[in-house]
Every structure is written in structure tokens, then in C-alpha cells.
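Being a predicted model, the structure only gives us computed values, none of them experimental.
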Amino acid sequence: MEVEMEKPACSVPAHFAAGPVPCNTVVISPLTPSRVNRSSFPIRDHLLWSIFSMIYTNVLCLGFLAVCYSIKSRDQKVMGDITRAQRYSKTARNLNIAALILTMIIVTVFLCLKYAKAQP
């Protein structure tokens, strides 16, 4: 003879569930604000990208400056100054983007001039 055990129902407010909810179910209220800890999100210091920019796309020493700001961002993150770490990280990212775009423009112009002269 088999006996079917029914899970006990927990009492929850009516606006959370349409019927009885099993006790092992977690109900989260949409009305309760949840806080997100900003320090739990990692701050990207873009150090690897900066090193790549310094080695391969160091136009106007922008790659070197990006490495400096990446290291500053990492130092500020270790010290706990999240605001400065984010600011230095954004500066390093912008310098990396500028170095990449300038390098792409220079290479494109160089290739266009080289192949324009090669055509009779």
C-alpha cells in the first residue's frame, strides 16, 4: 500500500501567490527594494589591453599613458577608492580606444597611398 505524502503549504499573502506555496519555495516581494553593492562588481583596469596598445599601437605614446592609468586604477582599487579607480579605468579605456582608432587611420592611409602609387 502506497501512501502519497503532500507537502505542507506555507502561508503567504494573497498578492504573492494564487494558491498554496510549498514551504521550500522562496517568494521575493517585488515591492521590496534590493540594494546592489557597488563594490561587488569588479572594476576593470584594462591592463592587458593597455599593454597590447603600448606594444602594437603606441601612437603618440597613448599606449604608454593607458598603461600608467591602468596601474593607477589597480592601485586605487586595492586602496579602496572606488571612485578614482573607475575614473582612471575609464581614462585608460578611452586612451586605448584612441590609440586603436589612430593606428587604424594611419594604416589605412598608408595602404591607400601605397596601392594608389602602384596602379598605373
Side-chain angles (χ1 to χ4, degrees):
M1 180 157 119
E2 289 184 31
V3 177
E4 230 178 271
M5 297 286 292
E6 191 173 314
K7 289 186 178 181
C10 293
S11 61
V12 292
H15 64 276
F16 287 129
V21 178
C23 285
N24 59 358
T25 303
V26 177
V27 179
I28 299 174
S29 170
L31 303 175
T32 306
S34 60
R35 291 183 176 222
V36 177
N37 188 3
R38 290 184 77 190
S39 64
S40 66
F41 292 111
I43 298 172
R44 303 182 75 184
D45 54 11
H46 307 287
L47 184 61
L48 187 63
W49 187 13
S50 299
I51 292 172
F52 178 81
S53 291
M54 184 179 72
I55 293 172
Y56 294 109
T57 62
N58 199 14
V59 178
L60 302 174
C61 295
L62 293 177
F64 178 72
L65 289 173
V67 169
C68 292
Y69 277 101
S70 295
I71 293 171
K72 279 182 162 185
S73 173
R74 185 169 283 190
D75 290 343
Q76 293 300 319
K77 183 170 51 172
V78 169
M79 291 176 58
D81 192 355
I82 304 300
T83 306
R84 281 190 182 168
Q86 287 175 339
R87 185 175 49 184
Y88 290 146
S89 174
K90 287 180 183 178
T91 303
R93 184 195 64 204
N94 292 339
L95 288 169
N96 285 323
I97 291 171
L100 181 66
I101 290 173
L102 285 174
T103 302
M104 289 173 53
I105 290 171
I106 290 171
V107 168
T108 304
V109 168
F110 176 74
L111 290 174
C112 289
L113 290 175
K114 181 180 177 182
Y115 287 116
K117 288 181 181 179
Q119 298 291 330

What heavy-atom pair brings Ala99 and Thr57 nearest, and what distance separates the two atoms? CB-O, 3.5 Å

Nearest 0.5 Å please: distance from the [atom1] atom of [X] over to the [atom2] atom of [Y].
{"X": "Leu95", "Y": "Leu100", "atom1": "CG", "atom2": "CG", "answer": "12.5 Å"}
{"X": "Asp75", "Y": "Ser70", "atom1": "CG", "atom2": "OG", "answer": "11.0 Å"}
{"X": "Asn96", "Y": "Phe52", "atom1": "CG", "atom2": "CZ", "answer": "10.0 Å"}
{"X": "Ile43", "Y": "Arg87", "atom1": "CD1", "atom2": "CZ", "answer": "12.0 Å"}
{"X": "Leu102", "Y": "Asn58", "atom1": "CG", "atom2": "CG", "answer": "11.5 Å"}

Measure the shortest side-chain to side-chain distance between Ile97 and Trp49 over non-hydrogen atoms and say whether it is less than 4.5 angstrom. yes

Arg84, CZ: over 12 other non-hydrogen atoms inside 6.0 angstrom: no

Are more than 12 heavy atoms, taken from residues, nucleotides or ligands other than Leu48, located less than 6.0 Å from that residue's CG atom? no

Is a side-chain donor or acceptor of Asp81 paired with a backbone partner of Gln76 at a separation under 3.5 angstrom? no

Would a single hydrophobic cluster contain both [Y] and [X], if residues Ile, Leu, Val, Met, Phe, Trp and Tyr are joined by side-chain heavy-atom contacts under 4.5 Å?
{"X": "Phe64", "Y": "Ile51", "answer": "yes"}
{"X": "Leu65", "Y": "Ile106", "answer": "yes"}
{"X": "Leu113", "Y": "Leu111", "answer": "no"}
{"X": "Ile101", "Y": "Leu60", "answer": "no"}

ring-ring contact (aromatic ring centres under 6.0 Å, His included): pairs with one or both residues in residues 81-118, sequence neighbours excluded: Tyr69-Tyr88

Which pairs count as salt bridge (Lys or Arg N to Asp or Glu O under 4.0 Å) when at least one residue sits in residues 45-61, sequence neighbours excluded? Asp45-Arg74

Residue pairs involving residues 97-107 (criterion salt bridge (Lys or Arg N to Asp or Glu O under 4.0 Å); sequence neighbours excluded): none

